[in-house]
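Contents: one structure, followed by commentary.
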Amino acid sequence: MAANPHAEHLAELLEDLNEPQREAVTHGEGPLLILAGAGSGKTRVLAHRIAFLIYTDQAQAGEILAITFTNKAASEMRERVERLLGHATRGMWLMTFHSACARILRAEAARLGYTRQFTIYDQADARRLAKRSADACGVDPKRYTPAAVLNQISAAKNKLIDVDDYRAQAASPFEEMIGEVYDVYQRDLVRMNAMDFDDLLFRTVNLLELFEEARERYRETFRHVLVDEYQDTNHAQYRLLQLLAGGGAPPQRGRDGGAGPAYSGPVGHRNLAVVGDDAQSIYGFRGADIENILRFQDDFPDARVVKLEQNYRSTETILSAANAVIANNRGQIGKKLWSELGQGDQIQVRALQDEHAEARYVVGEIQRLVDEGASRAEIAVLYRTNAMSRVIEDNLVRSEIGYQVIGGTKFYERAEIKDAIAYLTLLANPYDVVSFTRVANSPRRGIGATTLARVTAHATAMDVSVWEAAASPSRVPGLGSAAVKALGRFMATMAELRAITGAPALGGEGDLDLEDQVAQPEPDAGGEDAGPAGSVPIAELLEAVLAQSGYIEALEAERSIEAQGRIENLEQLVEVGREFDAGEGEDTLERFLQEIALVADADSRTDDAGLVTLMTLHNAKGLEYPTVFITGLEDGVFPHSRAIDEGGLEEERRLFYVGVTRAMRKLYLTHARRRAVFGAQSYGMPSRFLTEIPGDLLDEGSDGGWRPGAGFTPSLAGRSETVWNGGGQVKASRGEGTGTTSFRLGEDVVHAAFGDGVVTAVEPDGVIVVRFAGDGSERKLMAEYAPVTRR
DNA sequence: ATCCTGATTTTTTTT
DNA sequence: AAATCAGGAT
């Protein structure tokens with residue numbers, strides 16, 4: 001028998017790999033670049049490589065850091081590796097950049113002036129904060145929306161430009177203005193012991209640059225670093241990898257003060273394996289820098305480069321189309337994808353009159369395919385923007401075809417869920433002003449905006465946490481006696497809840513008026529943290545929060561269907577907590593909050609259910625389906641008009657390339673002559689990407705395509721609906737008689753997309769509010785236009 | 001402090 | 001078509 005006790009496994013591991021795949025898997029130490037075309041088995045190669053490293057004793061599980069793009073991809077990877085290794089992957093760091101950074105920062109928070117309970121703000125929180133900062137700087141919100149301002153700040157952070165650098169190099173009044181807001185915004189974050197998504201990366205880079213000890217420790221810990229989707233890394237992520245694995249280009253700017261110890265000490269181990277495809281770089285808008293992959297060989301001149309060009313997914317027709325389209329981009333790394341799967345079917349291209357006709361065509365085809373024996377789970381419908389899912393949903397519901405939508409509105413964005421999370425966040429992080437203001441008056445307790453502003457201003461002025469400021473309301477200047485009382489009661493329950501977490505008590509007690517109490521030792525200031533702030537089951541804590549805060553009570557008092565729906569959502573959240581409690585690892589509150597902050601909706605995708613999948617093209621990255629529909633192929637929609645204006649055409653083309661290459665056997669491309677955008681009709685030419693596909697690969701339908709006035713008649717089983725009325729005024733007729741458009745409170749209704757619901761409010765101008773039974777969501781609808789009918 | 005109403009804006013894409 | 005926001009009324 002061979003010396004290696006795993007010899008048998010090893011042979012098996014390499015068995016079904018093609019030559020370049022095997023080369024990538026068995027590559028030893030040193031930098032490795034895997035250029036993996038779409039469908040060339042890159043996930044497989046990564047998983048096999050991890051298993052190989054372990055079987056050949058080049059690494060222990062705990063010495064591997066494998067970065068994926070989504071949590072979903074991480075758990076899929078974990079499963080695959082477990083299957084290969086035949087045992088658990090305990091200790092292996094297999095997660096997203098953001099999760100890995102959050103985990104490192106928890107451990108090292110004190111060094112950066114944070115506590116380990118720091119809050120992670122999602123985009124919505126960050127935007128709210130950016131708005132506040134912009135207001136404080138006197139920025140005209142009409143001229144510069146908070147989102148635009150935040151984008152600028154985010155872009156700077158992704159490039160590792162801190163406030164001082166930014167202000168120093170500001171070259172226009174606009175940039176000076178942004179610099180000012182950036183300054184305020186960042187100070188607020190620090191004061192609140194909070195980080196936004198970008199900070200997670202930026203702060204980790206700071207940590208590793210400033211503290212040699214930490215840098216060396218993590219370098220030693222992660223002997224092998226593997227990165228998936230490398231083409232979508234931004235500069236901060238790039239820098240992080242350099243710091244962890246060493247090598248790479250020299251730092252771009254020394255950080256003042258610290259005299260930049262960045263590159264003293266041993267050069268890293270340089271065991272960095274990255275996998276990517278420059279043709280699939282689609283996240284430039286959020287700072288991804290395609291140059292990272294294009295320049296990998298400059299950074300590591302001795303890097304082994306492996307190209308995976310055999311595609312195991314798609315027919316030759318589909319690949320030819322993809323190759324032809326992407327050839328219109330400049331500066332690609334040469335790759336020629338090929339497949340042994342045969343020509344296959346032609347690509348179906350259809351022109352429809354409007355988005356309704358398009359949706360009917362798509363759903364009609366789905367119906368036909370399913371009748372012919374296809375599984376719904378084999379079909380995906382892709383679109384450029386989330387808003388485009390609505391019409392397709394309508395039609396799927398009418399045809400009674402089960403589907404799932406990935407992305408769009410998320411569970412964790414619902415108000416009641418955000419409220420509940422904010423309570424927990426405030427319990428963990430007493431500095432969190434955003435959570436405090438969110439929670440203080442919900443349910444209503446008579447703590448209004450003015451009171452909140454006074455409390456937070458006082459906290460800032462006295463340099464104490466909001467918690468402390470609020471806990472001694474009588475010391476806040478300008479508060480009326482009613483406000484003092486309300487705050488006192490609120491903070492008393494918060495203190496009780498905090499006691500449940502096991503964390504030490506904080507701040508002033510009720511109405512003690514001792515002046516020197518402010519000087520009392522502050523447990524959260526420095527390194528030592530709130531002690532064993534864990535060990536309470538999250539589900540229990542959450543139930544206590546919801547009960548003692550009066551949140552549930554207030555909802556029950558409403559006695560409305562929508563309140564009932566909210567309560568059910570909250571019960572679901574408690575269930576999430578219960579699952580977390582049952583999982584492995586210490587169940588600390590911080591860890592729970594971190595996990596929740598970093599989950600994406602794409603993570604909730606299921607494969608096995610008999611459901612058609614609807615999602616944006618971005619969300620489709622990394623997935624494959626036997627049948628794929630790409631809708632909305634009009635100039636202005638896809639490519640998106642904003643991308644056309646801002647020179648993002650190549651990225652749009654790569655996005656189209658990603659979409660096309662998701663398809664295994666059948667590909668449908670549709671465009672509408674006319675489409676409602678913001679409720680107004682707009683007319684669009686067929687997408688330029690369509691014309692980039694060689695004609696012989698396309699089947700444009702027996703009809704020869706769209707002709708003015710004629711209209712395409714989809715092969716719909718049931719009735720055919722007339723949509724085009726020739727005059728330009730368009731209104732989709734619904735199958736069921738709508739009857740009158742007036743609804744009454746409490747009436748049972750059916751919505752084409754959302755199913756059964758009940759009218760919970762009737763507003764002026766024909767707006768009704770409906771709470772839907774399906775998901776408990778509540779929506780405002782235009783009674784006259786929305787596809788709702790009385791049940 | 002809270003509710004109501006009308007105006008404005010939203011749609012790129014997401015960790 | 002629908003969500004968010006600001007300003008004004010109660």
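Residue numbers start from 1 in every chain, and the chains themselves are labelled A, B, ... in the order their sequence lines are given, proteins ahead of strands.
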(Q) Base, sugar-phosphate or nothing for A:Glu651? Non-hydrogen atoms, less than 4.0 Å. (A) nothing
Q | Interatomic distance where CG belongs to A:Asp198 and C1' belongs to B:dT14 [whole Å] | A | 11 Å
Q | Under 3.5 Å: donor-acceptor pair, side chain of A:Thr425, backbone of A:Ile421 | A | yes
Q) Below 4.5 Å, heavy atoms only, C-beta onward: do A:Tyr625 and A:Thr613 meet side chain to side chain? A) yes
Q: Among the candidates B:dT15, B:dT13, B:dC3, find the nucleotide nearest to the side-chain atoms of A:Arg444.
A: B:dC3
Q: Check every strand shown and say whether A:Asn441 touches a base, only sugar-phosphate, or nothing at a heavy-atom separation below 4.0 Å.
A: sugar-phosphate
Q. For A:Phe285 and B:dT13, is the gap between ring centres under 5.5 Å while the planes differ by less than 30°?
A. yes
Q) Should A:Thr450 be listed as having a side-chain N or O under 4.0 Å from OP1 or OP2 of B:dA1? A) yes
Q: For A:Lys131 and B:dT8, give me the distance from atom NZ to atom P, rounded to whole Å.
A: 16 Å
Q) Expressed in angstrom and rounded to an integer, what is the separation of A:Leu150 atom CG from B:dT14 atom C1'? A) 13 Å
Q: Can you figure out which of B:dT11, B:dT13, C:dA2 approaches the side chain of A:Arg390 most closely?
A: C:dA2
(Q) Under 4.0 Å, counting only non-hydrogen atoms across every strand here, what does A:Thr451 touch: a base, just sugar-phosphate, or nothing? (A) sugar-phosphate
Q: Please confirm whether A:Arg673 makes a cation-pi placement over A:Tyr683, using NZ or CZ under 6.0 Å from the six-membered ring centre and within 45° of the ring normal.
A: no
(Q) What's the closest nucleotide to the side chain of A:His618 if the choices are B:dT2, B:dT14, B:dT15? (A) B:dT14
Q) Contact class for A:Phe97 (heavy atom, under 4.0 Å): base, sugar-phosphate, or nothing? A) nothing
Q. Quick one: A:Arg642 CZ to B:dT11 P, roughly how many Å, whole number?
A. 9 Å
Q. Looking across every strand, which nucleic acid part, if any, lies under 4.0 Å from A:Tyr283 by heavy atom: base, sugar-phosphate, or nothing?
A. sugar-phosphate
(Q) With rounding to the closest Å, how many angstrom separate the P atoms on C:dA6 and B:dT11? (A) 16 Å
Q) For A:Asp125 and B:dT14, what is the distance between atoms CG and C1' respectively, to the nearest whole Å? A) 15 Å
Q: Provide, to the nearest angstrom, the distance between the CG atom belonging to A:Asp135 and the C1' atom belonging to C:dC5.
A: 12 Å
Q) Does one side chain, of A:Tyr657 or A:Asn329, offer a donor that lies under 3.5 Å from an acceptor on the other? A) no
Q) For A:Leu240 and B:dT15, what is the distance between atoms CG and P respectively, to the nearest whole Å? A) 19 Å
Q) Where each residue is assigned the nucleotide of DNA chain B containing its nearest heavy atom, which of A:Ala449 and A:Glu652 is assigned the position nearer the 5′ end? A) A:Ala449
Q) Across the strands shown, which category fits A:Lys621 at heavy-atom distances under 4.0 angstrom: base, sugar-phosphate, nothing? A) nothing
Q: Ignoring backbone atoms, test whether A:Asn386 places a side-chain nitrogen or oxygen under 4.0 Å from the OP1 or OP2 oxygen of B:dT13.
A: yes
(Q) Please confirm whether the shortest side-chain N or O distance from A:Arg445 to OP1 or OP2 of B:dA1 is below 4.0 Å. (A) no
Q: Answer yes or no: does a side-chain N or O of A:Ser99 lie under 4.0 Å from OP1 or OP2 of B:dT15?
A: no
Q. Taking the side chain from A:Asn292 and the backbone from A:Thr233, do they hold a donor-acceptor pair closer than 3.5 Å?
A. yes
Q.
Tell me the interatomic distance from A:Arg127, atom CZ, to B:dT14, atom P, rounded to whole angstroms.
A. 13 Å
Q | A:Tyr238 side chain to A:Asp289 side chain, donor-acceptor N/O pair below 3.5 angstrom | A | no
Q. Counting side-chain heavy atoms from CB outward, which of B:dT13, B:dT14, B:dT10 is closest to A:Thr385?
A. B:dT13
